[in-house]
Amino acid sequence: MNITTWNVNSVRARLERVLAWIDAYQPDVLGLQELKCQDPELPVEAFRSRGYHVESLGQKTYNGVALLSKRPMTDVVRGFPNPDDPQARGISAVIDGVRVVNLYCPNGGDLDSDKYPYKLGWYDRLEMELRQWAGQPLVVCGDFNIAPADGDVWDPKRWEGQVLCSVPERERFQRLLDLGLTDSWRHFHKEPNVFTWWDYRGNGYALNQGLRIDHHLVTKDILARATDVTVDHEERGRPQASDHAPVTLHLRDR
DNA sequence: ATGGCGTCCGAGGGACGA
């Protein structure tokens with residue numbers, strides 16, 4: 001079972017690219033973030049005709065997440081980790097015995113904005129809510145909006161203390177690992193400077209000025225089934241690309 | 001560098017992203 005996470009930065013603006021990528025790579029599970037549309041505007045038929053079940057939590061203009069799965073989804077949770085949050089940032093389902101959580105974690109704005117404490121509080125709630133599933137096969141994937149370490153940042157000095165790299169954010173990320181989860185990409189790859197996001201501005205992709213902020217955190221039983229995690233950085237270089245690349249966790253069947 | 005680029009909303013520029 002292959003599980004891909006991809007912040008598409010508007011599913012409607014990106015639909016041609018998303019469908020082409022699905023047709024080429026056939027992920028078993030695809031977690032999408034930043035849909036930027038409400039559920040009725042989601043192009044579900046295009047996904048269903050390709051063999052996917054679709055569960056979504058849409059929102060107008062901002063945020064919005066969806067899970068696409070070739071296998072049936074059960075125990076769907078919409079609105080995670082804060083069920084009352086007006087911002088649509090989390091959806092989860094059980095797929096073939098694996099609890100899959102798909103997240104669009106808050107950006108955090110600037111450190112002195114009210115978006116920053118919102119992000120930290122959101123992570124505190126996430127940690128609390130994930131505890132209920134940490135003892136069973138669990139994959140937490142998505143756009144975390146945190147670069148866990150300096151090796152995940154193209155210019156650590158320039159980014160030091162900035163949002164996505166600040167110490168309180170990295171502490172929140174570590175607390176998720178402390179639940180018994182593993183940063184699966186880092187488990188397989190020790191090299192620095194592999195990124196999943198590159199700024200549209202300043203020719204960021206061509207200069208490989210990026211951050212690794214899209215992750216799969218997994219429990220030990222999932223890690224034992226994992227064979228690799230891959231970043232399709234070429235997708236980022238295609239015309240009308242999202243600023244995030246798709247990232248895929250590859251699992252053996254049980 | 002309160003910028004660069006891209007998307008949305010809605011009809012002009014502001015909000016937001018990371």
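First the proteins, then the strands, lettered A, B, ... as listed; each starts at 1.
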Student: Give me the ring orientation class for Trp159(A) and Trp197(A): parallel if the planes are under 30° apart, tilted from 30 to 60°, perpendicular past 60°.
Tutor: perpendicular

Student: Run the side chain to side chain contact (heavy atoms under 4.5 Å, CB included) test on Phe195(A) and Gln209(A) for me, step by step, so that the C-alpha distance in whole Å, both residues' side-chain angles and the decisive distance to 0.1 Å come before the verdict.
Tutor: CA-CA 8 Å; Phe195(A) 308 126; Gln209(A) 297 178 343; over 6 Å; no

Student: Any side-chain heavy-atom pair from Phe144(A) and Ile213(A) closer than 4.5 angstrom?
Tutor: no

Student: In sequence, state the C-alpha distance, the side-chain angles, and the governing distance for Trp6(A) and Val247(A), and then conclude on side chain to side chain contact (heavy atoms under 4.5 Å, CB included).
Tutor: CA-CA 7 Å; Trp6(A) 193 8; Val247(A) 185; over 6 Å; no

Student: Using the C1' atom on both, measure dG12(B) against dT7(B) and round to a whole Å.
Tutor: 16 Å

Student: Is there a donor-acceptor contact under 3.5 Å linking the side chains of Gln33(A) and Thr5(A)?
Tutor: yes

Student: Does a donor on one side chain and an acceptor on the other come within less than 3.5 Å for Asp28(A) and Tyr52(A)?
Tutor: no

Student: Heavy atom of residues 207-215 of chain A under 4.0 Å from DNA chain B: which residues?
Tutor: Leu211(A), Ile213(A)

Student: Following the transitive rule for hydrophobic clusters with a side-chain heavy-atom cut-off under 4.5 Å over Ile, Leu, Val, Met, Phe, Trp and Tyr, establish whether Tyr25(A) and Val229(A) coincide in one cluster.
Tutor: no

Student: Mind checking the P distance from dG3(B) to dG17(B)? Whole angstroms is fine.
Tutor: 16 Å

Student: Let me spell it out: for each of Tyr104(A) and Arg158(A), pick the nucleotide of DNA chain B with the closest heavy atom. Which residue's pick is nearer the 5' end?
Tutor: Arg158(A)

Student: Using atom P of each nucleotide, how far apart are dG4(B) and dC9(B) to the nearest Å?
Tutor: 22 Å

Student: What contact category does Asn63(A) fall into here, base, sugar-phosphate, or nothing, at under 4.0 angstrom with non-hydrogen atoms?
Tutor: nothing

Student: Expressed in whole Å, how much space separates the C1' atoms belonging to dT2(B) and dC16(B)?
Tutor: 14 Å

Student: Please work out if Phe144(A) contacts a base, only the sugar-phosphate, or nothing of the nucleic acid, heavy-atom cut-off 4.0 Å.
Tutor: nothing

Student: Going 5' to 3' through nucleotides 5-16 of chain B, assign each nucleotide B (protein heavy atom under 4.0 Å from a base atom), S (under 4.0 Å only from sugar-phosphate atoms) or - (no protein heavy atom that close).
Tutor: BSSSS------S

Student: Between dG10(B) and dG6(B), how far apart are the two P atoms, rounded to whole Å?
Tutor: 23 Å

Student: Does any non-hydrogen side-chain atom of Val153(A) lie less than 4.5 Å from one of Gln162(A)?
Tutor: no

Student: Taking any heavy-atom pair under 4.0 Å as a contact, classify Glu34(A): base, sugar-phosphate, or nothing.
Tutor: sugar-phosphate

Student: Side chain to side chain contact (heavy atoms under 4.5 Å, CB included) between Val140(A) and Leu176(A): does it pass, once the steps are laid out?
Tutor: CA-CA 10 Å; Val140(A) 186; Leu176(A) 300 182; 6.0 Å; no

